[in-house]
Undergrad: 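The following block contains the structure, expressed as structure tokens.
Throughout, protein chains are lettered first and strands after them, A, B, ... in sequence-line order, and every chain is numbered starting at 1. Side-chain atoms are counted along with the backbone in the values below, which use heavy atoms only and exclude waters and symmetry mates. Computed from a predicted structure; not experimentally measured.
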2 protein chains.
Amino acid sequence: MGSTRRPTLADVAARVGVTPKTVSRVLNEDGPVSEATRAKVLAVVEELGFRPNLMARNMRVGARDSTVGLVVPDMGNPFFGTVAGGVEDAVRDRGLTLLMGSSGEREPLEHALITTFLARRISGLLVVPAAGSDHRFLRRERESGLPVVFVDRPGAGLAADAVVSANEEGARVGVAHLIAHGHRRIAFVGDRPATLYTRKTRQRGYRSALEAAGIGHDPALVVTAHDPYAAGVAVRRLLALADPPTAVFAANNFASLGVVPALAEAGRRDVALVGFDDLPLAAVLEPGLTVVAQDPAAIGRAAAELVLARLGGDRSRAVTRTVPVTLVRRGSGELPPPPPSASC
Amino acid sequence: MGSTRRPTLADVAARVGVTPKTVSRVLNEDGPVSEATRAKVLAVVEELGFRPNLMARNMRVGARDSTVGLVVPDMGNPFFGTVAGGVEDAVRDRGLTLLMGSSGEREPLEHALITTFLARRISGLLVVPAAGSDHRFLRRERESGLPVVFVDRPGAGLAADAVVSANEEGARVGVAHLIAHGHRRIAFVGDRPATLYTRKTRQRGYRSALEAAGIGHDPALVVTAHDPYAAGVAVRRLLALADPPTAVFAANNFASLGVVPALAEAGRRDVALVGFDDLPLAAVLEPGLTVVAQDPAAIGRAAAELVLARLGGDRSRAVTRTVPVTLVRRGSGELPPPPPSASC
DNA sequence: TTGTATGCGTTATCAC
DNA sequence: GTGATAACGCATACAA
């Protein structure tokens with residue numbers, strides 16, 4: 001039980017009465033082979049259920065493994081899952097397989113995962129860098145030709161390709177949308193840590209929209225929350241301000257997930273809301289949630305294509321691709337501010 | 001450029017002035033090594049940035065690759081993403097890496113993916129079988145000792161371990177919950193194809209709850225929908241029946257995603273609803289969506305543990321593990337039926 | 001404590 | 001057309 005060794009090239013060869021190399025030739029359509037032996041080989045391959053061992057094949061002189069490694073913070077997050085799907089789609093046709101792991105947004109785990117991938121001699125590396133992680137240790141690899149692409153956020157300490165969403169522009173568009181509907185007191189609920197790339201760029205978009213409209217920046221309206229609960233708390237606090245916001249920009253979907261119920265529970269259907277990143281039930285809410293939607297599948301595909309291009313010999317300098325976002329109007333972002341009333 | 005060959009065991013050995021085997025001993029803490037050479041080896045390993053080649057290591061006599069393969073229908077689905085996360089967590093500590101791919105619920109793709117995984121000589125295989133796929137082709141592998149675990153749905157044509165949710169019981173509990181709140185006309189919105197395992201088992205639970213309550217089964221209340229849109233259409237049709245349902249059981253989250261907006265648009269806040277599988281915004285809806293929540297991370301972990309146990313030598317017969325589900329009350333499932341009125 | 005011989009399954013090279 | 005030989009990077013078994 002559990003011990004029937006898989007057939008090898010040599011087994012097939014022996015059974016046919018040729019050398020392994022001939023079998024190899026048939027399978028890889030390499031050198032010339034007589035039609036007779038060719039047929040015989042294929043027959044025996046079928047009979048024995050022979051499958052070439054990719055480990056052995058990839059171990060040829062200097063060859064890399066036919067895999068690409070992908071590190072994400074969390075596979076359960078549909079954003080990263082969809083990114084991964086995009087990567088896999090783009091990579092599969094080239095005979096590459098996806099090696100995947102999650103870092104839990106923790107630098108040590110990310111590092112360990114990447115190290116394992118490198119030990120496997122992956123053909124390309126795609127990383128959604130954890131906050132604060134440093135990729136200097138990848139320099140040697142990059143120099144020796146390993147394609148590295150940072151996804152969703154740029155990496156640090158390494159000149160490598162990157163694919164990101166149009167974060168700043170998306171936030172600007174989202175906030176400008178609220179301004180266009182008459183709002184001037186607009187809160188920003190962003191991720192923690194505040195140094196996170198997506199947080200910073202989106203906040204920059206927020207500020208630039210305000211500036212473009214000649215609206216002064218009020219630091220009291222900018223809050224940080226790392227989960228829905230914290231976002232809910234933050235919103236309640238905002239609404240309790242002496243001069244509260246009439247609109248909220250939720251800079252990611254954890255923020256949206258907190259802001260939406262907080263507004264609902266407070267019975268504040270008059271507060272406008274635009275979220276960054278789409279949610280499955282966004283259209284079902286009342287009002288529907290207006291969002292700046294990202295395109296995670298496109299991000300994954302773009303990242304994979306960069307890896308493939310590098311693998312194909314593209315030695316040009318590192319680029320950053322920006323994937324467009326889309327404003328999806330569903331109601332919450334089109335609410336007008338309350339009519340100006342006599343201040344108490 | 002791009003051609004500095006990675007250092008090998010031999011390179012390190014040469015630089016230290018010992019044989020490769022000695023270096024190997026140091027790295028694997030195998031045989032005895034003098035403290036002097038040990039230190040020297042480690043120094044050179046560091047200096048050269050040497051990383052053992054896992055491909056080569058795994059190619060030892062009869063050894064399998066230190067990976068497990070996971071095939072899911074769709075990585076963008078947070079359910080499967082979370083399953084994958086559970087698998088990875090459980091597997092990582094044992095030094096195994098996750099090889100992942102999505103089948104798009106299509107049998108040929110699933111087959112191709114598995115074949116590739118086999119060619120890589122994975123140590124274990126986890127599959128969420130696509131509807132209608134047959135796994136007879138895996139018999140040889142199973143017999144030669146490859147651990148195979150079906151996830152979320154049992155496989156066909158192969159005696160292998162499986163991990164599934166408590167589908168039947170969950171549906172029974174969900175429907176019984178509606179019955180307990182006074183409903184007797186309860187619709188069932190299930191997946192397509194109706195032969196899908198999860199569809200069948202959940203429908204069985206639905207029927208058994210009805211039977212237990214002495215409620216006759218009305219085929220007109222059972223509908224099939226494969227996406228939110230179809231589910232919405234189906235619900236509208238149900239509500240237009242002469243004797244419409246007062247409650248709906250949505251047997252998966254695509255169904256919920258269609259039923260919720262359909263009820264909202266129809267202004268039917270009086271229709272009770274219980275969904276199978278949780279949704280991120282479920283608590284935010286009005287009323288909150290009552291669901292039978294699955295535990296995808298636990299499913300992934302359980303599946304991985306089965307693989308590990310088999311890898312550890314467990315040769316007992318194939319088992320099916322059932323992961324419990326939980327009824328989460330949020331409002332929609334606790335709505336009473338409308339008071340009986342004179343029929344028109 | 002360290003070295004030698006050998007093998008894993010495949011492909012490259014060069015010969016016949 | 002086909003074969004013999006070496007090599008990829010590491011580990012196992014046995015010697016020294």
Undergrad: Tell me: CE of A/Met59 to C1' of C/dA12, nearest whole Å?
TA: 14 Å

Undergrad: Could you tell me the separation between the CZ atom of B/Arg51 and the P atom of D/dC8, rounded to a whole number of Å?
TA: 22 Å

Undergrad: Is the CZ atom of B/Arg64 crowded by more than 12 outside heavy atoms at less than 6.0 Å?
TA: yes

Undergrad: Let me know the distance between NZ of A/Lys40 and C1' of D/dT2, rounded to the nearest Å.
TA: 14 Å

Undergrad: Check the distance between C/dT10's C1' and A/Asn28's CG and give it to me in whole angstrom.
TA: 9 Å

Undergrad: Within a radius of less than 6.0 Å around CZ of B/Arg15, do more than 12 heavy atoms belonging to other residues, nucleotides or ligands occur?
TA: no

Undergrad: If the cut-off is 4.0 Å, is A/Thr37 near the phosphate of D/dG1, judged by side-chain N/O to OP1 or OP2?
TA: no

Undergrad: Where each residue is assigned the nucleotide of DNA chain C containing its nearest heavy atom, which of B/Pro20 and B/Arg121 is assigned the position nearer the 5′ end?
TA: B/Pro20

Undergrad: Take the protein atom CG of A/Asp30 and the nucleotide atom P of D/dT2, then report the distance between them rounded to whole Å.
TA: 13 Å

Undergrad: Should the heavy atoms of other residues, nucleotides or ligands under 6.0 Å from NZ of A/Lys21 be counted, would the total exceed 12?
TA: yes

Undergrad: Flag yes if more than 12 heavy atoms outside B/Arg51 fall under 6.0 Å of its CZ atom; otherwise flag no.
TA: no

Undergrad: Can you check whether A/Asn58 has a side-chain N or O nearer than 4.0 Å to OP1 or OP2 of D/dC8?
TA: no

Undergrad: Establish, with yes or no, whether the OP1 or OP2 oxygen of C/dT11 is under 4.0 angstrom from a side-chain nitrogen or oxygen of A/Arg57.
TA: yes

Undergrad: Of the candidate nucleotides D/dC10, D/dT2, C/dT1, which contains the atom at the shortest distance from the side chain of B/Ser34?
TA: C/dT1

Undergrad: Give the nucleotide from the list D/dA11, C/dG3, D/dT2 with an atom nearest to the side chain of B/Val18.
TA: C/dG3

Undergrad: Please confirm whether the shortest side-chain N or O distance from A/Thr8 to OP1 or OP2 of C/dC8 is below 4.0 Å.
TA: no

Undergrad: With respect to the side chain of A/Asn53, which nucleotide from C/dT11, C/dT10, D/dC10 is positioned closest?
TA: C/dT10

Undergrad: Are any of B/Thr19's side-chain N or O atoms less than 4.0 Å away from OP1 or OP2 of C/dG3?
TA: yes

Undergrad: Out of D/dA4, C/dT4, D/dT2, which nucleotide sits closest to the side chain of A/Lys21?
TA: D/dA4

Undergrad: On the nucleotide D/dT2, are OP1 or OP2 found under 4.0 Å from the side-chain N or O atoms that A/Thr22 carries?
TA: no

Undergrad: Is the closest side-chain donor-acceptor distance between B/Asn58 and B/Ser66 under 3.5 Å?
TA: yes

Undergrad: At under 4.0 Å between heavy atoms, what does B/Leu9 touch on the DNA or RNA strands: base, sugar-phosphate, or nothing?
TA: sugar-phosphate

Undergrad: I need the CG-P distance between A/Leu54 and C/dT10, as an integer number of Å.
TA: 9 Å

Undergrad: Using whole Å, what does the distance between atom C1' of nucleotide C/dT10 and atom CZ of A/Arg25 come to?
TA: 13 Å

Undergrad: Of the nucleotides C/dT11, D/dC10, C/dT2, which one has an atom closest to the side chain of B/Pro32?
TA: C/dT2

Undergrad: On a plain distance test, is the side chain of A/Arg60 in donor-acceptor contact with the base of D/dG9 below 3.5 Å?
TA: no

Undergrad: In whole angstrom, what separates A/Glu29's CD from D/dG1's P?
TA: 16 Å

Undergrad: Taking the nucleotide of DNA chain D with the nearest heavy atom to each, does A/Gly31 or B/Pro7 sit closer to the 5' end?
TA: A/Gly31

Undergrad: How many angstroms lie between OG1 in A/Thr67 and CG in A/Leu98, if you round to the nearest 0.5 Å?
TA: 9.0 Å

